[in-house]
Structure formats: C-alpha cells, structure tokens
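In this text the structure is predicted, and so the values were computed from the model without any measurement. All ligand and atom numbering here is 1-based and tracks the order in the structure.
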Amino acid sequence: MAGSGPCAGGGCGGLVTAPDWKPGRLYEAKRVERGIRGLFAVLWVYRRPFLSSLTWASLNHVFGIAAVTVGAYAVALSLTGTAAADLVWLLIILGVLVLGKALAAWLESWISHELAFRILAEVRGWLYRATARIAPGGLARRRTGELASVAMADAEALEVFYAHTSIYIFTTAIVSPVVLMALAVFSWQAAAVTALVLLLALALPLVLRRLNQASGARVRAATADVHTQVIEDVQGLREILAFGLRTRRSAALAALGGRLVARQQRHGVRTGLESALTGSIAGIGVIVAAAVAAQQVADGTLDRTLFPVVVVLAGQSVMPALQLLAVTRHWGLTAAAAERVFDLLEEPSPVDRSGTRTLPEDTVPAIEFDNVTFGWPDTDHPAIEQVTFRVEPGETVALVGHSGAGKSTCAALLSRYHDPDHGVVSVGGVDLRELAPGELSRVIAPVPQDVFLFHDTIRANLLLGSLDGRPVDDEALWDVLRTARIDELVASLPAGLDTVVGERGAALSGGERQRLALARAVLRDAPVLVLDESVSQLDVLSEREVRAALDAVRTGRTTVVIAHRLSTILAADRIVLLDQGSVVDIGTHDELVQRSPIYAALIEAQVDAATDLVSTLGEVNPAGEEGRAAT
Ligand SMILES: Nc1ncnc2c1ncn2[C@@H]1O[C@H](COP(=O)(O)OP(=O)(O)OP(=O)(O)O)[C@@H](O)[C@H]1O
C-alpha cells in the first residue's frame, strides 16, 4: 500500500508511524469519553494525511455548492430574458466546477479510505502488542473469543469513523459557516433562520449521545458474545461431538444470535428515527429560509434573480451537516467499539518490565524463592505463602504436592506471569523484577504441560526457540532433536524437518509434542529449565522416551520440574514438598520417605496406582508376561 495511491510519498506515505500505542496530545483532554478521545488521539498521529483528505473533502463541497449556485443563477438569468450567448461564460465556469468537484470527490474518497485502512492496520498491530504485553497473566480474565472480537470486529468498526465521520465533522465545521456567510451577503434573514435550524439539528444527536452510546454498547457486547461462543465452539468441537452437545450448543448460539438481532433492531429503529428527525428539521429550515427570501422578493428587498441563489445556498449550507447526521447513526456503535479497543490498549501489564539488569552469559545460575507469598487476581487467599527454597546451579529440583498445593503457581512466578505480593524470586541472585525484558526469556526456558505448536513445519516450530530469530542451520536443528530424543521420529517422517505438525501439533502424540518442546528449549540454550510435567497419561514407551529426553536436556542446566510421576520425582536431586501453598519439607526422596507422612502418602498413592495398573493389565492379558518372556 505504501508505494501507490495519493497516500504514497508525500501523502499517507509520510505518515507518522506509531510503533506502539502512545496516547496523543488530544488524548489528555478529559472532557469527552475515553473511547472518543482515543479516536481523536489516533487521528492526531495521522494529522497530515487527514488534513489532506479534509482539504479535498472541503473542496468537494465548495465546488459542488458553487456549481449549484452558478447553475441556479444561470437559470434565473435566462428566465429574466438574458440572451443565451451571454450565459456561455457561466456555463464554462459551471463545467470547470463540476470537473473540479469530481476530482476532489475522487481524491477525498481515495485518501480517506486509504487513511482509514492504514489506521485499522496500525490499531490491529497495537492491539496485538498490547495483548502480548499483558499476556499471559493479564489475559486470564478475558476469553479468547472476546479478545478476537475486539481485535477484529471492534477494530473494523472504527473504519466508519476514520473514513467518514471524522471528515464530516470537520467539513460541517468549515463549509457550513462559509456557505452561511455567503448566504448572509444576499439575505442575512435567511442565513439566520438556516443557522438556527442547523444548530438545532446538530444539537439533537449531541443531546441523545449517551442514549445512542448505551444502545451501541449493548449491540457491541452482544456481537462479542456471539463471536466468543463461535470461537469457543470451534475450539471445543471435539468435546461437543463427544458429549452429544451439538443441539444444546446450537440452541445457545441461536439464543445469542437472537439477542444480537433484537438489540440491532432496537438500535436501528432508534437511530433511524433520530436521523429522520434531524433530517426533517434541516429540511424544514431550508423551506423556512426560502419563505423568508420569497417575502423579501415580495417586499422588494431582494432581487428576484437572487431568489434561487438564496434557496440553493440555504440548502447547500445544511448538506455537510446532513452527511454528518447520516453517519452519526453509527456513532453509538463506533464509540462503544472504541471504548473496547482502548480498554485493551491501556490495560496495565501485570508486571513492570522496566528492569535493566542482565546475567553473565555462559553461567548456570541458581534459582531462589525467598519468603514468597502470592495470591491470584480476584481471589481472597494466597495460592502460596512464605515459600522459600533454593535450586543450586545445575541441580534438578522436583516440586511435589497434592493438586492445588501451589506447584504451577511457583512455575508461573518463575516465568514472571505475575510478580509475588511479598518476597523475592531470583535467578543468579537477581530479582526477576530487575531483569531486562529480553533477559528472562534468554535465561529461563519454560516447557509447559500443554505444549503449543503452530500449524507449521517442525523446522518452523523449532526455530521459535532460536534467540532473537537468529538463523540456525539444519545440523544444529538435528543436534537439538537428538538431545531431545526425537531425531529418529523426525527422520522417519516423509518430509523430515519440513513436515507440517497440524493445528496445535495434532499430527504428533503427547509425548512427541513434549519432546519437540524440549528440543525447542535446548535450541534456546537457556541455562534454566522450568518443566511442567504433563499429567495426562503417556504410554510406558512414550514416558520412557520423554524421561530420557529430559535427563539429557537437564544436564548442565538448573531445572525446576513440576513432577506428577514417580519416575520424575525419583530422578530429581532434591524434592520440595508443597502442601496448601506452603513448603512443608525439602530433601531427597529417601529423606522425605523417612520423615514426611504427607510425602509418604503421596508416594504410596503413586505406587498403588502403578500396582492397580499392573494388576489390570494382568487381568486383561494374563499370559502377557509369559508371552513376552518366551519371545
Ligand atoms: N489462574 C488462576 N487463577 C486463580 N486461581 C488460581 C489460578 N491458578 C491456580 N489457582 C489457585 O491457586 C492454588 C494453587 O494452584 P496450583 O495450580 O498452583 O496448584 P498445583 O499444585 O499446581 O495443582 P495441580 O497439580 O492440580 O496443577 C489453587 O487454589 C488454585 O485454585
């Protein structure tokens, strides 16, 4: 887009590009609602192309009004007996004005739409960066569908404002007074009547603004609900089919759709009525102005050849306002969409990222929780309380405890999804809050339970681990695959590294996804690994492979693993035992078995589960062992 059109080069190409959302000067004005202030603040950023668009829009009006006025004057002259030859010069002027109007209309439409689409693209970029800034901690309260609705539908709804409303506001403010002044030259009485009626017509939407915005907000909220449910239903399609929920979910979606239609209808009827009313007021004003002018002609205070000119000018002075009033129908929706967009843009990050400290490269740091207390937002009790433990450089520590003990909360604090309410989490002796933004991801590689793989090739998914997107050759990729014990599988795939893994890695098994995630972490070469072990059952072979991969990957790294399986617990150097958010013991497996009844109970439960599994397998296939022994 940058290379073509009137926006290229000196036009929109010369735009001030805003790398991140920074409220403009106009934004500081507190008199108007935040969403609307935000809209104008963005316009301030793009003031140069906007001014260009506004100039062409004003010229479009001026040429149009002049053309109609000249035409009306020519008609009046011909009716009063002026020879056709004497009207030629008027017709030439008329032709020039008509051509000028066409050119101005074309340029106005071109620039204003290109400007609007550029702004929408920029707003989408800002929204994306805002989402990344507050993620993942700040996103917990928002549903994916709602976010998608803001980023797509609400952002899209701003187009009307940037391509039309903003221009019409200014053309009304510029053109109408100029035309009224021209009208006053011929009849100040007609000008006064028209001005009064114009103010009345414009005041109505302003007076009803709050009503309009409230009904617009209801429509946008209902739209977001529909989007959210559609996206959730697509994401949860497997569960919907598996549990036979199709009819129930369709009915719920239909109900949401019905509510949206009802709200849109009410909004449409209300705003339509408002438009009709304001249009009628303006129309009646022109009729009254014409009546005033007719009386002046009858009194002899206005030349009869100027009567059509007065009527035309009165009509044309309200034209920009009528255009504006036509789009103010959308105002409530635009304002509500803007409110939602700026809500997200300005949502504060749950963590302050202004730290500047770095850690020396090529060192393996220790991890320390020092008296850490943290409660999740919107909860009334801490998830972990006064947690203190240290993981020495190169050591593997397993966090162990019943469900809800606080293991994942510790991992979330280590990845800085949130900051502790009290106490300090540090790496290499540096409080995580003091680390420079990129440093945390250089030093700590998280391997989550629900590994996310993009619908892309194995190579592309692996390269996500490359620091700052540095190029990595195939040999290095095979090395990390070997370390994570997944090289043989990748080599056996028809397209090798170029095999597409499917949406969310659907073409791979749970164990393979985890090993790929481990390979990605190895590629990052972060000295600290935080692994949230999958709770879902892997088959014995997969578990063994993941186990071997983890053993290889954790060598030479400080590793914190949220352990759910006995084999992982046994492989750790030390164990931190959590219970109800507190550390109740720290030690080796042997030490804890000896002295901690909670730990002993946990291990017993694991052993019982394993025994149950073995006996179930025995019942299903009593000859299995012998059969295998014989082969
Ligand atoms: N995102 C969240 N928002 C609110 N509360 C949360 C959130 N995540 C965890 N909690 C709460 O914090 C407490 C500790 O949960 P946490 O997930 O850390 O335990 P866990 O030991 O990892 O459990 P599990 O083994 O079941 O994953 C629980 O009371 C849980 O309900």
Can you find an N/O atom of [X] closer than 3.5 Å to an N/O atom of ligand 1?
X	value
Thr379	no
Ala383	no
Ser403	yes
Gly404	yes
His381	no

Distance under 4.0 Å to a non-hydrogen atom of [X]: what atoms of ligand 1 satisfy this?
X	answer
Ser408	17 (O), 18 (O), 20 (P), 22 (O), 27 (O)
His402	21 (O)
Ala405	19 (O), 20 (P), 21 (O)
His564	25 (O)

I want to know whether His589 and Tyr599 have ring centres closer than 6.0 Å.
yes
For Glu156, run the salt bridge (Lys or Arg N to Asp or Glu O under 4.0 Å) check against Arg220, Arg124, Arg340 and tell me which one passes.
Arg124
Restricting to salt bridge (charged side-chain N to carboxylate O under 4.0 Å, His left out), what partner residues turn up for Arg248, sequence neighbours left out?
none
List the residues meeting salt bridge (charged side-chain N to carboxylate O under 4.0 Å, His left out) with Arg482, not counting sequence neighbours, and say none if there are none.
Asp479
Does the residue Gly401 have a heavy-atom contact with ligand 1, meaning some pair of atoms that are separated by less than 4.0 Å?
no
Approximate separation, where rounding is to 0.5 Å, of Leu414 CG and Ser408 OG
11.5 Å
Matching residue for Ile367 among Val397, Val391, Val443 - test: side chain to side chain contact (heavy atoms under 4.5 Å, CB included)
Val391
Looking only at the side chains, is there a donor atom on one of Thr588 and Asp590 sitting less than 3.5 Å from an acceptor on the other?
no
